[in-house]
Colleague: 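Below is the structure I would like to discuss, written out as structure tokens.
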Amino acid sequence: MLSNNDGCIVARSNEAKALGIGMAEPFFKVKEIIESNNVQVFSSNYTLYGDFSQRVMSILQELEEHVECYSIDEAFIEFRESTPDDLEGYARRIRAMIKQYTGIPVSIGIAETKTLAKIANRIAKKKAEHNGVFVINAETDTDALLEKIEVEDVWGIGNKSALKLQYNGITNVLQLKNADDLWIRKWFGIQGIRTVTELRGVSCIALEEAPPPRQSIMYSRSFGERVTSYQYLEEAVSTFATKVAEKLRKYGLLAACVHVNLGTNRFNKLPKYYAAHAMELPQPDNATPVLVSSALEILRYIFREGYEYQKAGVLVTGLSDAETAQLKLFEQRDEKTLKLMDALDRINRRWGRTVLEPASNGITKAWTMRRDRKTPGYTTCWHEIPVVK
DNA sequence: TCTGGGGTCCTAGGACCC
DNA sequence: TCTGGGGTCCTAGGACCC
């Protein structure tokens with residue numbers, strides 16, 4: 001499966017992995033392998049994945065009380081007083097249920113801490129003999145298990161940390177678990193200490209059942225083709241600001257600050273330019289016209305003639321709850337605009353996301369991203385529902 | 001020709017205050 | 001040769017996650 005704009009490989013079947021197609025590899029670099037082996041390639045379709053994600057998550061939430069929806073395809077469940085006697089059997093029943101209701105195969109790892117559960121899950125997924133479920137408990141020879149896993153496979157240890165660890169002779173997870181606390185603190189910060197402590201079976205990364213309040217909302221895209229004209233850039237930034245405003249209203253939030261960034265391609269040899277600038281709004285807001293006009297004002301300020309632009313983005317920060325927002329003394333949110341935005345959202349929900357949009361978004365959409373091999377929105381779009389003939 | 005997007009948290013360093 | 005201490009706040013950059 002490909003990233004946005006059909007740029008990079010972001011998910012692979014086991015068969016594709018076996019052909020040597022790497023994670024995050026640019027598509028054009030492995031095109032030959034793909035074509036000569038008849039590998040099926042799909043553009044990403046996050047609306048569809050989001051729909052299936054919700055189906056799976058709601059099954060978990062119906063079964064269990066303490067569920068953290070961690071990402072689009074992962075959840076943590078904490079068994080507190082409800083711990084079933086036969087954990088493994090219970091996990092297998094959950095797995096079968098999800099498969100039956102959604103057709104999605106999942107793997108389940110169980111352990112004392114999140115970090116160890118991620119390791120258990122990895123084993124469940126990788127070793128066919130476990131059939132999708134693996135439990136690390138008091139009877140498990142955990143040390144022998146950890147010794148066989150490399151540090152870079154631990155949740156919280158990325159590229160850089162793995163290199164640093166390996167350089168210091170720590171290559172497997174058992175060594176990491178037994179590493180010196182002070183040394184870890186010094187070189188890997190408190191995140192490092194948390195990871196190591198969790199490996200020792202002491203939980204210190206809490207379950208987050210209610211998602212923490214958001215700090216920022218961003219919409220940014222690479223363009224399907226290079227953009228040189230100010231007009232196209234303006235249309236793109238206006239469209240991104242529109243999306244951000246929609247998201248703010250969807251989550252019932254106001255933004256205090258708008259940021260815009262734009263840049264050229266980092267990889268080619270053409271002249272490079274990157275700029276980002278932020279502006280505080282007169283008062284926290286989520287109305288499309290306010291967001292769009294501020295974003296365009298920033299764009300005018302940072303735009304430079306003569307570059308081939310490759311991407312742009314709009315970011316809002318200083319988010320607050322729209323219901324309880326602090327407005328400046330004597331200031332009120334404009335009733336007319338509130339009603340207008342409400343009508344706009346209802347019409348777009350009913351008739352399609354871009355039925356009504358600001359004129360500044362333009363109609364050419366020359367810059368929109370490539371998605372040449374999109375999976376149909378089987379369950380999310382009326383025109384793309386599977387047809388039985 | 002072609003190299004993703006959206007987040008979070010932590011840290012270091014600078015500016016500023018008394 | 002000399003060069004306070006303690007604190008806050010902000011920002012940029014790094015690292016990580018999926």
Side-chain angles (χ1 to χ4, degrees), chain A residues 1-11 21-32 34-35 41-47 49-50 53 68-76 114-115 118 121-122 151-165 184-195 198 204-206 208 211-226 240 243-244 247-248 251 253 257 259 261 263-270 272 274-278 280 308 310-319 368-374:
Chain A
M1 191 189 96
L2 299 175
S3 65
N4 273 335
N5 233 1
D6 290 348
C8 289
I9 312 277
V10 292
I21 298 173
M23 180 66 181
E25 218 166 346
F27 177 46
F28 74 96
K29 283 193 180 167
V30 287
K31 212 166 179 179
E32 240 169 67
I34 283 172
E35 276 164 10
V41 181
F42 302 96
S43 305
S44 41
N45 181 345
Y46 284 100
T47 318
Y49 312 151
S53 176
E68 171 185 346
C69 302
Y70 174 63
S71 74
I72 198 161
D73 68 346
E74 271 178 281
F76 289 104
K114 281 179 162 182
T115 307
K118 290 272 282 186
N121 180 272
R122 197 188 144 77
V151 283
E152 68 221 52
D153 296 328
V154 174
W155 186 50
I157 304 294
N159 214 353
K160 305 276 170 166
S161 301
L163 278 174
K164 218 165 12 167
L165 286 167
I184 291 287
R185 177 67 182 86
K186 179 166 178 214
W187 294 103
F188 301 90
I190 76 159
Q191 311 268 44
I193 285 288
R194 284 190 191 131
T195 298
E198 286 237 324
C204 52
I205 303 175
E208 286 174 1
R214 279 164 172 275
Q215 312 281 328
S216 64
I217 292 175
M218 159 124 101
Y219 196 96
S220 93
R221 285 289 178 274
S222 289
F223 304 133
E225 50 190 66
R226 295 294 96 84
F240 299 168
K243 300 273 191 193
V244 168
K247 246 189 200 177
L248 282 170
Y251 297 122
L253 295 169
C257 195
H259 311 235
N261 60 68
T264 53
N265 189 319
R266 292 173 295 154
F267 298 98
N268 66 20
K269 296 208 171 82
L270 296 171
K272 294 191 185 0
Y274 174 82
H277 196 73
E280 203 158 326
E308 283 201 352
Q310 196 235 353
K311 74 184 284 187
V314 173
L315 169 79
V316 287
T317 56
L319 306 186
T368 43
M369 66 177 180
R370 269 194 309 275
R371 269 166 111 191
D372 297 336
R373 309 144 190 272
K374 191 176 81 98

Colleague: Within less than 4.0 Å of OP1 or OP2 of B:dG6, is there a side-chain N or O belonging to A:Gln215?
Modeller: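 The answer is no; no side-chain N or O of A:Gln215 sits under 4.0 Å from OP1 or OP2.
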Colleague: In this structure, how many angstroms lie between the C1' atom of B:dC2 and the CD atom of A:Glu35, rounded?
Modeller: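 Rounded to the whole Å, the gap is 13 Å.
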Colleague: Has A:Lys311 got its NZ or CZ under 6.0 Å from the middle of the six-membered ring of A:Phe223, at an angle within 45 degrees of the ring axis?
Modeller: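 Output no; distance or angle outside limits.
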Colleague: Check whether more than 12 heavy atoms from other residues, nucleotides or ligands sit under 6.0 Å from atom NZ of A:Lys160, and answer yes or no.
Modeller: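 Open.
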Colleague: In residues 217-226 of chain A, what residues come within less than 4.0 Å of DNA chain B, judged by heavy atoms?
Modeller: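 Those residues are A:Ile217, A:Met218, A:Tyr219, A:Ser220, A:Arg221, A:Ser222, A:Arg226.
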Colleague: Can you list, pair by pair, the side-chain donor-acceptor contacts under 3.5 Å of residues 215-222 of chain A, counting residues two or more places apart and other chains?
Modeller:
from     : atom 1 : to       : atom 2 : distance (Å)
A:Tyr219 : OH     : A:Arg221 : NH2    : 3.4

Colleague: Suppose we screen for salt bridge (Lys or Arg N to Asp or Glu O under 4.0 Å). Which residues come up paired with A:Glu225, at least two apart in sequence or across chains?
Modeller: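 Counting only residues at least two positions away or on another chain, A:Glu225 forms no salt bridge (Lys or Arg N to Asp or Glu O under 4.0 Å).
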Colleague: Are there runs of at least three consecutive Watson-Crick or G-U pairs touching DNA chain C, with each pair's two distances under 3.5 angstrom? Give them by first number.
Modeller: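 Result, WC/G-U stems under 3.5 Å: B:5-18 with C:5-18.
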Colleague: What residues, two or more places apart in sequence or in another chain, satisfy side chain to side chain donor-acceptor pair (under 3.5 Å) together with A:Glu25?
Modeller: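 In terms of side chain to side chain donor-acceptor pair (under 3.5 Å), with neighbours along the sequence ignored, A:Glu25 is linked to no residue.
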Colleague: A:Ala24: which residues meet the side-chain contact (heavy atoms from CB on, under 4.5 Å) condition with it, sequence neighbours left out?
Modeller: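 With neighbours one apart ignored, the set is empty.
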Colleague: Mind checking what makes side chain to side chain donor-acceptor pair (under 3.5 Å) contact with A:Thr317, not counting sequence neighbours?
Modeller: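 A:Thr317 satisfies side chain to side chain donor-acceptor pair (under 3.5 Å) with A:His259 once adjacent residues are dropped.
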Colleague: Please report the closest heavy-atom contact between A:Ala276 and A:Asn261, naming both atoms and the distance.
Modeller: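 Scanning both residues, the minimum pair turns out to be CB-CB, 3.7 Å.
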Colleague: Just the rounded figure in Å: distance from P of B:dG4 to OH of A:Tyr46.
Modeller: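 Answer to the nearest Å: 12 Å.
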Colleague: Students often get this wrong, so: under 4.0 angstrom with heavy atoms, is A:Phe267 touching a base, only sugar-phosphate, or nothing?
Modeller: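 Counting heavy atoms under 4.0 Å across all strands, the contact made by A:Phe267 includes a base.
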Colleague: Checking the side chain of A:Asn5 only, and the main-chain atoms of A:Gly7 only, is there a donor and an acceptor separated by less than 3.5 Å?
Modeller: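 It does not hold such a pair.
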Colleague: Over all strands shown, is A:Ser216 touching base, sugar-phosphate only, or nothing at heavy-atom distances under 4.0 angstrom?
Modeller: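 Sugar-phosphate, backbone atoms only, no base.
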Colleague: Taking salt bridge (Lys or Arg N to Asp or Glu O under 4.0 Å) as the definition, give me every residue that meets it alongside A:Asp73, ordered by chain and number, with sequence neighbours left out.
Modeller: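 With neighbours one apart ignored, the set is empty.
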Colleague: Polar atom pairs between nucleotides 7-11 of chain C and protein, under 3.5 Å, N or O only, would you list them?
Modeller:
none

Colleague: Using the P atom in both, what is the distance from B:dT3 to C:dC18, to the nearest Å?
Modeller: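 The same atom, P, in both gives a distance of 25 Å.
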Colleague: Return the value, rounded to whole Å, for the distance between atom CG of A:Leu2 and atom P of B:dG4.
Modeller: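 Taking CG of A:Leu2 and P of B:dG4, I get 12 Å after rounding.
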Colleague: With A:Thr115, which residues qualify under side chain to side chain donor-acceptor pair (under 3.5 Å), at least two apart?
Modeller: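 By the side chain to side chain donor-acceptor pair (under 3.5 Å) rule, A:Thr115 matches A:Glu198.
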Colleague: Starting at CD of A:Glu32 and ending at P of B:dC2, how long is that distance when rounded to a whole Å?
Modeller: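 From A:Glu32 CD to B:dC2 P: 18 Å.
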Colleague: State, with a plain yes or no, whether a side-chain heavy atom of A:Glu308 is found less than 4.5 Å away from one of A:Thr264.
Modeller: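 A side-chain contact is absent here, since even the closest heavy-atom pair is not under 4.5 Å.
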Colleague: For DNA chain B, whose closest nucleotide is more 5', that of A:Gly189 or that of A:Pro213?
Modeller: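 Its nearest nucleotide being more 5', the pick is A:Pro213.
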Colleague: Rounded to the nearest Å, what distance is computed from the NZ atom of residue A:Lys311 to the P atom of nucleotide B:dC2?
Modeller: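 Answer to the nearest Å: 15 Å.
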Colleague: Nearest-Å distance, CD (A:Gln191) to P (B:dA12)?
Modeller: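 Distance check: A:Gln191 CD to B:dA12 P gives 13 Å.
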Colleague: Among residues at least two apart in sequence or on other chains, which ones pass salt bridge (Lys or Arg N to Asp or Glu O under 4.0 Å) with A:Lys31?
Modeller: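 Per chain and number, A:Lys31 pairs via salt bridge (Lys or Arg N to Asp or Glu O under 4.0 Å) with no residue.
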Colleague: Given atom CG of A:Asn5 and atom P of B:dT3, what is their separation to the nearest angstrom?
Modeller: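 These atoms are roughly 7 Å apart.
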Colleague: Look at the side chain of A:Lys114 and the backbone N and O of A:Ala206, then say whether any donor-acceptor pair between them is shorter than 3.5 Å.
Modeller: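 Present.
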Colleague: Taking only N and O in the side chain of A:Lys247, is any of them less than 4.0 Å away from OP1 or OP2 of B:dG6?
Modeller: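 Answer is no, no contact under 4.0 Å.
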Colleague: What is the per-nucleotide protein-contact pattern of nucleotides 13-18 of chain C, from the 5' end, where B denotes a base atom under 4.0 Å from a protein heavy atom, S denotes such proximity for sugar-phosphate atoms only, and - denotes neither?
Modeller: --SSSS
Colleague: When the distance from OH of A:Tyr274 to P of C:dA12 is rounded to whole Å, what number comes out?
Modeller: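 Those two atoms, OH and P, are 10 Å apart.
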